[in-house]
Amino acid sequence: MSTRKKFTDSYYHGAATIVAERTNVTPRYVRDVLSGLYDGDGFTAKRQKTVKKIKEAAKPFKKKQNEANYN
């Protein structure tokens with residue numbers, strides 16, 4: 001089993017699809033953003049703005065830390 005943290009460890013199932021519809025991007029892109037793939041300073045201002053918008057839209061779907069450890 002992989003030791004890499006999965007998207008569903010921190011967010012509820014289906015959250016990527018809902019956030020994708022709200023932000024007008026693909027669910028795969030949302031999963032990548034929330035998994036930390038696009039964190040950093042080496043990206044364009046437009047991409048950083050989109051990443052910030054996605055993270056804000058995903059906040060209501062984030063699991064509590066204790067709940068994420070037991071699911």
Side-chain angles (χ1 to χ4, degrees):
M1 183 155 183
S2 176
T3 58
R4 184 173 177 231
K5 190 173 183 181
K6 296 178 184 176
F7 166 77
T8 53
D9 291 344
S10 297
Y11 293 90
Y12 290 107
H13 182 74
T17 305
I18 296 168
V19 172
E21 288 179 13
R22 291 181 182 177
T23 56
N24 201 25
V25 296
T26 64
R28 181 70 207 168
Y29 185 66
V30 171
R31 283 191 294 273
D32 288 346
V33 166
L34 297 177
S35 295
L37 214 75
Y38 294 99
D39 290 345
D41 297 328
F43 300 105
T44 63
K46 184 178 179 180
R47 174 152 297 171
Q48 289 175 344
K49 184 178 177 183
T50 303
V51 167
K52 185 176 179 182
K53 187 170 138 181
I54 289 169
K55 287 184 178 184
E56 285 296 319
K59 277 185 182 180
F61 302 103
K62 191 166 179 105
K63 292 180 181 178
K64 293 178 183 174
Q65 188 62 30
N66 290 340
E67 185 179 345
N69 291 336
Y70 296 111
N71 286 334

Colleague: If you compare all heavy atoms of L37 against all heavy atoms of F43, which two are closest, and at what distance to 0.1 Å?
Modeller: O-CZ, 4.3 Å
Colleague: If you define the side chain from C-beta out and look only at heavy atoms, does anything of Y11 sit under 4.5 Å from V19?
Modeller: no
Colleague: Compare every heavy atom of A58 with every heavy atom of L34, then report the nearest pair and how far apart it is.
Modeller: CD1-CB, 3.7 Å
Colleague: Do Y38 and I54 touch side chain to side chain, with heavy atoms closer than 4.5 Å?
Modeller: no
Colleague: Do you know the tightest heavy-atom contact between K55 and D39?
Modeller: NZ-OD1, 2.6 Å
Colleague: Specify the closest pair of heavy atoms between Y12 and F61, including all atoms of both residues, with the distance to one decimal.
Modeller: CD1-O, 3.0 Å
Colleague: What is the distance from atom NE2 of H13 to atom NZ of K63, rounded to the nearest 0.5 Å?
Modeller: 10.5 Å
Colleague: Considering residues at least two apart in sequence or located in another chain, which fulfil the salt bridge (Lys or Arg N to Asp or Glu O under 4.0 Å) criterion with E21?
Modeller: none
Colleague: Check A16 against R31 and note the closest heavy-atom contact, atom names and distance.
Modeller: CB-CG, 3.5 Å
